[in-house]
Amino acid sequence: MSADHLPEHPDFLWRNPEPKSSYDAVIVGGGGHGLATAYFLAKNHGMTNIAVLEKGWLAGGNMARNTTIIRSNYLWDESAAIYEHALKLWEVLPEELEYDFLFSQRGVMNLAHTLGDVRESMRRVGANKLNGVDAEWLEPDQVKELCPILNVSDNIRYPVMGATYQPRAGIAKHDHVAWAFARKCDELGVDIIQNCEVTGFLKDGDRVVGVKTNRGTINTEKVGLCAAGHSSVLAEMAGFRLPIQSHPLQALVSELHEPVHPTVVMSNHVHVYVSQAHKGELVMGAGVDSYNGYGQRGSFHVIEEQMAAAVELFPIFARAHVLRTWGGIVDTTMDASPIVGTTPVENMFVNCGWGTGGFKGTPAAGLTFAHTIATGAPHKLNEPFSLERFETGALIDEHGAAAVAH
Amino acid sequence: MLLISCPNCGPRDETEFHYGGQAHVAYPEDPYALNDREWAEYLFYRDNTKGAYAERWVHSTGCRQWFNMLRDTVSYEIQAVYPMGAAAPTTTAQAPEGASK
């Protein structure tokens with residue numbers, strides 16, 4: 001088929017400008033968090049002379065690799081506050097960004113398989129309710145009613161003893177979320193610059209004054225780092241350390257199937273989480289590979305274990321095939337909570353440490369990080385998530401408390 | 001899956017091992033002398049190297065002994081295995097493309 005038979009290329013959603021020699025602020029990382037930050041900087045703080053620098057292509061890192069689950073049923077007050085704010089933003093963003101990114105509030109179930117799980121789950125439901133997060137405890141027969149393909153019998157190694165359920169939780173189409181933010185950023189005047197890798201920072205004493213890139217030097221008054229798995233690499237360039245370890249996190253999809261899975265099911269104990277994408281693939285993920293890694297791939301036994309868990313919980317999945325597996329690089333902290341705030345370098349700010357749960361936090365990360373960059377001080381929602389907490393000891397320990405391991 | 005050469009048992013699948021994170025992080029010599037910043041460094045800060053990384057592993061389902069490994073965190077290539085207490089070898093191996101940036 002010759003080119004003149006092809007349809008017209010659709011309109012581009014954003015420009016691809018050359019970098020200017022200076023901006024009021026530069027965001028490093030053109031994933032969901034970077035784009036959301038730029039959007040809120042422009043919209044809430046009137047900062048439109050800003051750039052988002054992306055070393056690859058827009059939203060090609062973890063934004064392209066996550067399993068798109070959105071929920072806010074975290075145990076601790078600080079986490080519930082920021083993730084619930086994110087969920088409220090997810091509820092209004094399709095209209096605000098004028099883009100239907102298929103946010104589907106189909107609910108998220110977190111299964112309990114042991115007496116310890118049951119107690120933790122009931123405690124978390126109570127904590128969630130006190131924090132205004134919708135949550136309920138389901139008995140096994142209610143679990144079965146909501147998700148008929150789940151095996152809730154006692155003929156498996158770890159029978160389902162119940163589940164917590166958050167009806168307002170769900171999934172969204174991750175690529176469309178990125179495009180929605182990118183288009184609005186572009187409309188507001190933000191320069192989104194792809195294929196622009198940061199290679200160093202210009203400093204005047206302890207203050208950052210510019211960014212060195214493979215496309216030239218850019219002067220700027222403020223820098224916000226939104227680089228997830230590569231945050232430590234950037235911090236090292238800037239001359240400070242982060243309490244981050246980068247790990248591979250893998251996910252996979254099956255081929256397309258008729259709709260069989262009406263909600264999102266997560267199990268921490270046998271460790272798998274499953275939803276069915278709008279298009280029909282079963283989307284699954286589990287925990288990180290244990291070792292540090294920047295390779296965007298992990299070891300196969302991790303996939304094998306999550307498939308074993310999935311097939312035990314959902315017997316009909318035994319007939320499905322793995323179509324594709326992939327890995328991303330997630331930035332984990334010791335307390336499984338993010339870091340959003342100031343750094344030892346003046347005018348440089350960091351948003352990282354979201355680990356395996358960054359997608360759901362995208363709107364709140366953007367909102368609070370933009371506030372922090374614009375005003376130089378944290379928003380009340382990200383104040384507890386400072387880098388200083390590792391010195392003060394005010395950790396927000398969501399390991400195991402966050403419904404699934406982070 | 002990584003194929004790890006245990007110094008005692010020889011090459012075994014990664015599933016027989018557990019990861020122990022960065023090697024050569026010594027317990028503070030005088031814990032009472034540390035301020036909060038220094039304690040934070042000891043407890044929560046570890047190198048997160050992109051490239052050759054010295055790390056600890058334990059052969060949990062084999063000899064149950066700890067050992068050190070030098071591994072590239074981009075290519076995952078294992079460059080050296082050496083005993084606990086020994087200094088990290090300086091590898092002469094060519095770093096793979098894209099590593100150690």
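Keep in mind that the numbers below use all heavy atoms, side chains included, and drop hydrogens, waters and symmetry copies.
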Inset, instruction - Determine the option with the most heavy-atom pairs under 4.5 angstrom with chain A, choosing from B:Glu55, B:Arg37, B:Glu38, B:Glu41. - result: B:Arg37
Inset, instruction - Indicate yes or no: at least one non-hydrogen side-chain atom of A:Arg241 is less than 4.5 angstrom from one of B:Asp47. - result: yes
Inset, instruction - Provide the closest heavy-atom pair for B:Lys50 versus A:Val233 in the form atom of the first, atom of the second, distance. - result: CB-CG2, 4.1 Å
Legend entry - Interface moiety of B:Asn35 toward chain A, non-hydrogen atoms closer than 4.5 Å: neither
Inset, instruction - Under 4.5 Å heavy-atom distance to chain B, tell me which part of A:Ile329 shows up: side chain, backbone, both or neither. - result: neither
Inset, instruction - Decide if atom NE2 of B:His18 counts as having more than 12 heavy atoms of other residues, nucleotides or ligands within a radius under 6.0 Å. - result: no
Legend entry - A:Ser246-B:Asn48 side chain donor-acceptor pair, cut-off 3.5 Å: yes
Legend entry - Contact class of B:Tyr53 relative to chain A, heavy atoms under 4.5 angstrom: side chain
Inset, instruction - Supply the atom-to-atom distance B:Met1 CE to A:Asp289 CG, rounded to the nearest 0.5 angstrom. - result: 10.0 Å
Inset, instruction - Heavy-atom distances under 4.5 Å only: say whether A:Glu388 touches chain B with side chain, backbone, both or neither. - result: neither
Legend entry - Aromatic B:Tyr76 / basic A:Arg297 pairing, under 6.0 angstrom, 45° off normal: yes
Inset, instruction - Give a yes or no on this: more than 12 heavy atoms of other residues, nucleotides or ligands lie within 6.0 Å of atom CD of A:Glu391. - result: yes
Inset, instruction - Would you mind telling me which of A:Leu242, A:Asp331, A:Thr333 has the largest number of heavy-atom pairs within less than 4.5 Å of chain B? - result: A:Leu242
Legend entry - Parallel, tilted or perpendicular, as decided by the 30° and 60° cut-offs, for the rings of A:Tyr291 and B:Tyr19: perpendicular
Legend entry - 4.5 Å side-chain heavy-atom contact, B:Gln22 and A:Asn292: no
Legend entry - Whether over 12 other heavy atoms sit under 6.0 Å from A:Asp206 CG: no
